[in-house]
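Everything numeric in this text was worked out from a predicted model, so none of it was measured.
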Amino acid sequence: MTREYLPILFVAAIVGVFTLIFIAFYWRETRRKAAPDFDRHIPDAEIIRRLMKYAAPYKKQFALVLVIMLASIAYDLASPLIVGRIEGLIKDRFQPPVLLRWVALYAGILIVSMVCTYFQSIILQKTGQKILSALRQDLFTHIESLSHDQLNKIPVGKLVTRVTNDTNAISLMFTNILVNMAKNAFIVVGVLCAMLMLNYALTLMVLAFVPFLVLFTVIFRKFTRKVYRVVKDRTTDINTYLSENLSGIKITQIFNQEERKRDEFLAKSAELKRAKQNQIFVFGIFRPMVYMLYISSVLCLLYLGGKGCIQDTVFLGQMMTSEIIVSFYLYISKFFNPIQTLAEQFNQLQSAFASAEKIFTVFDLEPEVVDQPDAMELDHIRGEIEFQDVWFAYEPGEWVLKGVSFHVNARQTAAFVGTTGSGKTTILSLICRNYDIQRGRILIDGVDIRRIKISSLRRCFGQMLQDVFLFSGTIRSNIVLREDRFSDQEIWDACRYVNADSFISRLDRGLDEEVRERGGNFSAGQRQLLSFVRTIIHRPAVMILDEATANIDTETELLIQDSLEKMKNIGTMLIVAHRLSTIQHADQIIVLSHGEIVEAGSHQELLAKKGRYYRLYTLQFNKQKLLGA
């Protein structure tokens with residue numbers, strides 16, 4: 001009796017050996033300590049809970065898909081029985097009319113299943129794209145809410161990857177993976193019920209392989225999540241590298257560093273290749289293991305079934321006929337094929353979860369600069385600015401500003417001068433709450449800026465920076481920032497105000513001239529003039545010029561000096577300038593050194609003191625005189 005079941009015992013031994021090997025590898029992997037990285041690891045249950053918030057508004061669509069899906073799986077459940085019945089008809093009394101009826105039934109069920117699958121895909125794709133759009137919008141909005149300090153610490157390429165690649169992986173989960181996993185789960189349950197009704201003894205034999213399947217899935221889940229994390233990280237590294245080096249490719253060409261940059265890119269590509277190979281290797285083991293269990297169950301079925309048909313053997317009290325063997329063979333395929341597909345979809349699900357983990361890591365970054373619960377809305381401000389004993393550091397303990405105090409009356413012009421790193425630009429950033437101070441107070445019209453809503457506060461400022469950023473679009477869209485409340489007359493008036501009309505009018509399309517990425521088709525001076533127009537047209541109460549004339553040639557600077565005089569009438573003006581000639585008419589000049597105010601007064605008052613400002617002015621004056629000679 002024992003010898004009859006030796007083939008089955010041999011199959012069981014092979015499965016057992018592989019099981020022990022995988023358990024050993026799993027145990028070794030669990031003892032390894034993961035290296036710390038930027039992205040924290042989030043439990044699957046939390047990922048699912050957070051993703052379901054985006055799926056919740058579309059419960060009706062998913063319910064409809066579920067109904068259609070149940071109708072489509074009728075083919076998978078009924079087809080083995082129909083084929084088994086046809087085999088019985090052929091074996092016993094062959095009656096063509098009866099055979100045709102069964103074939104027609106088989107074809108009808110197949111057509112219904114195909115139609116249901118089509119509508120299921122259409123509904124899922126539309127729903128999935130809506131979910132993807134909502135997720136991307138929320139992620140982009142959250143990134144916009146982060147402070148300058150937080151954005152400086154996260155590479156741009158990493159954020160781009162989160163908004164594009166990672167959200168696509170999640171979209172695939174909603175449009176394909178989850179529903180197909182549910183469909184395959186229903187098929188597995190339905191097939192199992194059909195097999196139990198057909199022959200419970202053979203069903204028990206098939207179920208003997210299920211614990212091994214569950215064990216393999218648990219073990220490989222750990223490996224697949226790990227390799228997908230690495231693949232996502234390496235993809236992010238390449239995107240970050242490309243984002244940085246394509247932006248700075250002119251520097252690469254100027255210094256003839258193309259070969260070195262190519263080698264660096266090849267190194268990062270090789271790392272991604274290795275990560276992809278590890279991913280393929282892990283799945284290349286998992287899928288064959290599932291297939292091995294399927295083949296083992298088929299071998300056992302054919303051995304027991306064939307033995308029973310030849311010798312009229314009763315297995316666990318159940319008689320086996322050829323019809324049962326044919327139906328069971330198809331049912332085993334229907335049972336293991338969805339499980340194999342589940343394995344593949346499980347692999348894709350791990351990719352989606354790895355992407356979701358990266359996305360929610362960004363969502364979990366709490367904005368450092370936020371509105372207070374009782375923050376007020378400002379309709380307008382006069383422009384009175386006061387710093388009261390302000391201390392600020394980008395890094396703890398490394399003070400950039402140390403007890404800075406000054407007062408600027410409304411509609412006054414205040415200029416900040418000093419050596420590089422003295423804190424001039426930092427002061428301008430703090431006024432707009434790009435960062436929050438550690439000590440002291442900053443007041444606007446006597447109100448602490450932390451009690452004002454950030455959007456309301458920044459609406460009152462107009463900033464003209466040295467490094468002008470222009471968006472892809474047109475000159476018009478870069479001036480009005482795509483707001484429709486400005487007429488062409490208002491735009492041209494603003495252009496004439498800062499003498500930008502002279503070069504815009506010479507362009508073929510005028511205000512509708514194309515602006516390429518970052519304004520690369522305009523000179524530095526032209527970009528600066530456009531930033532002046534962009535600021536003036538929005539009529540800010542406080543204007544900030546941070547080295548705004550640094551990239552303008554002498555001739556253009558003379559044209560713009562008149563504009564600066566006019567701009568003083570608009571509101572308060574804060575200027576940072578290394579060219580002291582541009583700030584001589586400022587109402588107040590504040591001299592900074594190592595984060596502290598060392599002098600303050602008008603141009604003439606500071607010259608009379610013959611202190612630091614006098615030395616800076618004399619140095620520049622002598623330099624210009626020497627160049628002029």
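Considering only heavy atoms from C-beta on, Asn239 stays 4.5 Å or farther from Val160 through its side chain. Under the 4.5 Å side-chain criterion, counting only non-hydrogen atoms from C-beta, Met173 is in contact with Leu51. Within the 4.5 Å cutoff, the side chain of Phe62 has heavy atoms near those of the Phe174 side chain. Contact check for Met195 versus Leu192: side-chain heavy atoms found under the 4.5 Å cut-off. Within the 4.5 Å cutoff, the side chain of Tyr54 has heavy atoms near those of the Asp138 side chain. Under the 4.5 Å side-chain criterion, counting only non-hydrogen atoms from C-beta, Ile475 is in contact with Val515. You'll find the side chain of Val156 stays beyond 4.5 Å of the side chain of Glu244, heavy atoms only. Side-chain contact between Cys432 and Leu457 is absent, with no heavy-atom pair separated by less than 4.5 Å.
No donor-acceptor pair under 3.5 Å is formed between the side chain of Ser145 and the backbone N or O of Pro367. A distance-only check finds a donor-acceptor pair linking the side chain of Asn245 to the backbone of Tyr241 [under 3.5 Å]. Between the side chain of Asn521 and the backbone N or O of Arg516, at least one donor-acceptor pair lies under 3.5 Å. Remark: side-chain polar atoms of Gln150 are paired, donor with acceptor, to backbone N or O of Ser147 under 3.5 angstrom. Checking side-chain atoms of Ser456 against main-chain N and O of Leu378 turns up a donor-acceptor pair under 3.5 Å. The backbone N or O of Thr236 sits less than 3.5 Å from a side-chain atom of Thr240, completing a donor-acceptor pair. Not a single donor-acceptor pair under 3.5 Å links the side chain of Ser477 to the backbone N or O of Gly473. Judged by distance alone, with hydrogens and angles left aside, the side-chain atoms of Arg162 form no donor-acceptor pair with the main-chain N or O of Thr361 at under 3.5 Å. Between the Arg458 side chain and the Arg433 main chain, a donor and an acceptor come within less than 3.5 Å of each other. Using a distance-only test at 3.5 Å, with no hydrogens or angles considered, a donor-acceptor pair links the side chain of Gln438 to the main chain of Ala393.
Taking each heavy atom of Pro57 and Gln61 in turn, the nearest pair found is O-OE1, 4.5 Å. Considering every non-hydrogen atom in both Ile449 and Leu430, the closest pair reads CD1-O, 3.4 Å. Considering every non-hydrogen atom in both Ala356 and Ile170, the closest pair reads CA-CD1, 3.6 Å. Closest approach of Asp166 to Ser355, counting heavy atoms only: OD1-OG, 3.3 Å.
Rounding to the nearest 0.5 Å gives a distance of 14.5 Å between CD of Glu271 and NZ of Lys276. Here the NZ atom belonging to Lys59 is positioned 15.5 Å from the CG atom belonging to Leu64, to the nearest 0.5 angstrom. Put simply, CG on Leu135 and CZ on Phe360 are 6.5 Å apart, with the number rounded to the nearest 0.5 Å. Distance CD/Gln137 to CG/Leu132: 11.5 Å, rounded to 0.5 Å.
Relative ring orientation between Phe363 and His142 is described as tilted, the plane-to-plane angle lying within the 30° to 60° band. Aromatic ring orientation, Phe469 versus Phe471: perpendicular (interplanar angle above 60°, classes split at 30° and 60°).
No option in Thr164, Asn168, Thr141 other than Asn168 meets the side-chain hydrogen bond (donor to acceptor under 3.5 Å, both in side chains) test with Arg136.
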So Asp233 and Lys358, salt bridge (charged side-chain N to carboxylate O under 4.0 Å, His left out) or not? Walk me through it. CA-CA 9 Å; Asp233 288 340; Lys358 305 287 185 184; 2.3 Å; yes
Using side chain to side chain contact (heavy atoms under 4.5 Å, CB included), reason through Val362 and Leu139 one step at a time and then give a plain yes or no. CA-CA 8 Å; Val362 177; Leu139 183 58; 3.9 Å; yes
Run the side chain to side chain contact (heavy atoms under 4.5 Å, CB included) check on Leu470 and Leu530 step by step: do they pass? CA-CA 9 Å; Leu470 297 182; Leu530 290 177; 3.9 Å; yes
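At a threshold of 4.0 Å, the pair Asp448-Arg451 does not count as salt-bridged, since none of the basic side-chain nitrogens sits closer than that to a carboxylate oxygen. For the pair Glu46 and Arg50, the salt-bridge criterion is met [side-chain N within less than 4.0 Å of a carboxylate O]. Electrostatic pairing of Asp371 and Arg450 does not count as a salt bridge here, judged by no charged N lying under 4.0 Å from a carboxylate O. Electrostatic pairing of Asp512 and Arg476 counts as a salt bridge here, judged by a charged N lying under 4.0 Å from a carboxylate O.
Atom CD of Glu368 sits in a crowded spot, with more than 12 heavy atoms from other residues, nucleotides or ligands closer than 6.0 Å. Crowding of Lys261 atom NZ: a count of heavy atoms from other residues, nucleotides or ligands under 6.0 Å exceeding 12.
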Contacts under 3.5 angstrom, residues 112-125 side chains, donor-acceptor by atom type, not counting sequence neighbours:
from	atom 1	to	atom 2	distance (Å)
Ser113	OG	Ser72	O	2.9
Thr117	OG1	Ser113	O	2.8
Ser121	OG	Thr117	O	3.0

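Here the two rings, on Tyr435 and Tyr394, have centers that are under 6.0 Å apart.
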